[in-house]
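Quick caveat, the model's predicted, so the values are computed rather than measured. The figures here come from the full heavy-atom set of this structure, side chains too, leaving out hydrogens, waters and symmetry mates.
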Amino acid sequence: NFLNFGRTGTDVNLLGGEVFADHLMAFTEDGVFPVYATPNALLPLAFQQSAFTEPGGGPPNIHAVVAANDHLYWVSKNFDVKVMDLAGRVTSAKYAESVRPFLRGLSDSRRIYTVGGWDPIYRMVLWAVSDGSDTQNKTVLALHVDTGWFFLHTISRNAFCNRTVSVEPRMLGGGYSGFLYNEYDTRTTGNLDDSAATISATAAFPRLHAGQPDATKKIPYLFVEVDPIGTETITVTGNLDDNTGYTDVN
């Protein structure tokens with residue numbers, strides 16, 4: 001069916017819909033339109049006014065939209081992570097500015113293959129994306145919804161779904177070799193589907209601007225404290241002024 005958003009003659013690109021808060025939320029590249037039922041048999045569905053309007057504020061495809069934790073989450077085309085609450089308000093995710101350099105460095109031609117999912121055990125929203133010159137989704141961007149922290153995991157996935165495993169809610173990931181994995185347990189693989197390597201997890205913290213983001217500062221020292229992790233190693237890297245590359249911090 002042709003869906004008219006009140007912009008006759010324009011090429012509004014309807015990406016798809018996601019059920020949320022008793023509505024079907026229809027996504028375009030620039031907005032989100034709640035869909036509701038009408039008493040008109042010839043026009044059984046109609047659209048409410050867009051919940052928000054922002055050029056490129058919509059997702060690259062409908063599979064990048066995740067309903068979880070009484071919110072809608074999506075990676076937007078303008079290098080941001082958006083969140084919609086039950087009242088229909090759309091904002092940027094907490095600490096989203098920390099991952100914008102990473103999102104800008106993704107493969108532009110493969111943004112339309114972004115897929116999202118929800119891990120109810122560790123309470124993370126996940127997006128499998130293609131970084132740089134990757135020809136597959138070999139990186140997973142994870143948002144921990146309770147803290148707002150972002151993490152980068154080296155897992156190759158092109159689909160996510162949820163099911164109950166031994167009365168426990170579980171996220172499953174679909175790999176490129178045709179296998180389905182119980183995610184984030186002892187069987188979760190590394191960067192390749194048949195790899196026995198451990199997951200490389202990168203934590204992306206918010207910007208350290210000391211409350212003055214517009215002032216140029218000289219900070220000679222930065223201390224990072226972590227719990228003991230046995231034989232694993234941690235590399236601390238940083239970047240300045242939204243550079244897309246990271247360098248080791250001594």
Side-chain angles (χ1 to χ4, degrees), residues 12-20 25-32 52 54-69 71-84 90-119 122-145 148-162 171-178 180-181 183-184 188-189 191-193 199-202 204 244:
V12 175
N13 185 14
L14 183 66
L15 302 175
E18 181 72 32
V19 176
F20 175 66
M25 298 294 182
F27 281 81
T28 71
E29 296 175 345
D30 304 318
V32 181
F52 90 114
E54 179 181 314
N61 70 78
I62 195 59
H63 301 295
V65 181
V66 180
N69 189 42
H71 291 76
L72 276 182
Y73 301 85
W74 67 90
V75 175
S76 70
K77 294 187 66 176
N78 59 6
F79 318 118
D80 195 9
V81 177
K82 300 291 188 185
V83 181
M84 173 185 283
V90 178
T91 60
S92 294
K94 187 178 182 182
Y95 303 145
E97 70 275 8
S98 65
V99 295
R100 284 197 180 104
F102 166 76
L103 294 176
R104 285 198 297 267
L106 296 180
S107 172
D108 291 330
S109 63
R110 289 192 52 82
R111 292 183 191 276
I112 59 173
Y113 302 111
T114 301
V115 294
W118 165 244
D119 183 351
Y122 294 101
R123 294 181 58 77
M124 295 186 299
V125 179
L126 308 174
W127 291 279
V129 295
S130 298
D131 187 15
S133 60
D134 285 344
T135 57
Q136 295 179 342
N137 290 342
K138 294 184 177 182
T139 304
V140 170
L141 174 66
L143 167 61
H144 187 249
V145 298
W149 287 11
F150 286 90
F151 301 87
L152 299 177
H153 298 165
T154 55
I155 313 175
S156 295
R157 297 293 182 263
N158 63 3
F160 290 114
C161 64
N162 294 91
M171 157 170 271
L172 279 74
Y176 285 89
S177 298
L180 201 62
Y181 301 94
E183 299 289 25
Y184 299 104
T188 302
T189 62
N191 194 46
L192 299 177
D193 288 311
I199 301 172
S200 174
T202 301
T244 56

* Can you list the steps and then say if V32 with M84 is a side-chain contact (heavy atoms from CB on, under 4.5 Å)? -> CA-CA 10 Å; V32 181; M84 173 185 283; 3.7 Å; yes
Q. Has the side chain of N61 got a donor or acceptor atom that lies under 3.5 Å from a matching backbone atom of H63?
A. yes
W118 and M124 have their tightest heavy-atom pair at CE3-O, 3.3 Å
Output for pair (Y122 OH, F151 CZ), nearest 0.5 Å, gives 12.5 Å
Requested in this report: Verify, without hydrogens or angle tests, whether D131 (side chain) and T139 (backbone) share a donor-acceptor contact under 3.5 angstrom.
Outcome: no
R100 and S92 have their tightest heavy-atom pair at NH2-OG, 3.6 Å
Under the 3.5 angstrom rule, does the side chain of S130 hit a backbone N or O of Q136 as a donor-acceptor pair? yes
(request) Could you please spell out the steps behind the side-chain contact (heavy atoms from CB on, under 4.5 Å) verdict for L143 and W127? (result) CA-CA 9 Å; L143 167 61; W127 291 279; 4.1 Å; yes
Note: P59 and F27 closest approach over all heavy atoms is CD-CD2, 3.5 Å
Residue set satisfying side-chain hydrogen bond (donor to acceptor under 3.5 Å, both in side chains) with T91, at least two apart, ordered chain then number -> none
Does a side-chain heavy-atom distance below 4.5 Å link L15 with T28?
no
Distance col, row T114:OG1 vs N158:CG, nearest 0.5 angstrom, shows 12.0 Å
State whether a side-chain donor-acceptor pair under 3.5 Å links S76 with N78. yes
Q | Worked verdict on V99 versus L141 for side-chain contact (heavy atoms from CB on, under 4.5 Å) | A | CA-CA 9 Å; V99 295; L141 174 66; 4.1 Å; yes
The reported gap from CG in L72 to NZ in K82 (rounded to nearest 0.5 angstrom) is 14.0 Å
Shortest non-hydrogen pair, V115 vs R157, comes out as CG2-O, 4.5 Å
From the list F150, Y95, W74, side chain to side chain contact (heavy atoms under 4.5 Å, CB included) with V81 holds only for F150
To the nearest 0.5 Å, atom CG of D134 lies from atom CZ of R110 at 8.5 Å
CD of E29 to NZ of K77, rounded to nearest 0.5 Å, is 3.5 Å
Note: N162 and M171 closest approach over all heavy atoms is ND2-CA, 3.9 Å
Q.
Quick check on F52: does its CZ atom have over 12 non-hydrogen neighbours (other residues, nucleotides or ligands) under 6.0 Å away?
A. yes
Requested in this report: Starting from the C-alpha separation in whole Å, work towards a yes-or-no answer on side-chain hydrogen bond (donor to acceptor under 3.5 Å, both in side chains) for Y184 and H153.
Outcome: CA-CA 11 Å; Y184 299 104; H153 298 165; 2.7 Å; yes
Closest heavy-atom pair, N137 versus Y113, reported as atoms and distance to 0.1 Å, is ND2-O, 3.0 Å
CG of L172 to CG of D119, rounded to nearest 0.5 Å, is 10.5 Å
Report the C-alpha separation of V83 and V90 in whole Å, then their side-chain angles, then the decisive distance to 0.1 Å, and conclude whether the side-chain contact (heavy atoms from CB on, under 4.5 Å) test is met. CA-CA 5 Å; V83 181; V90 178; over 6 Å; no
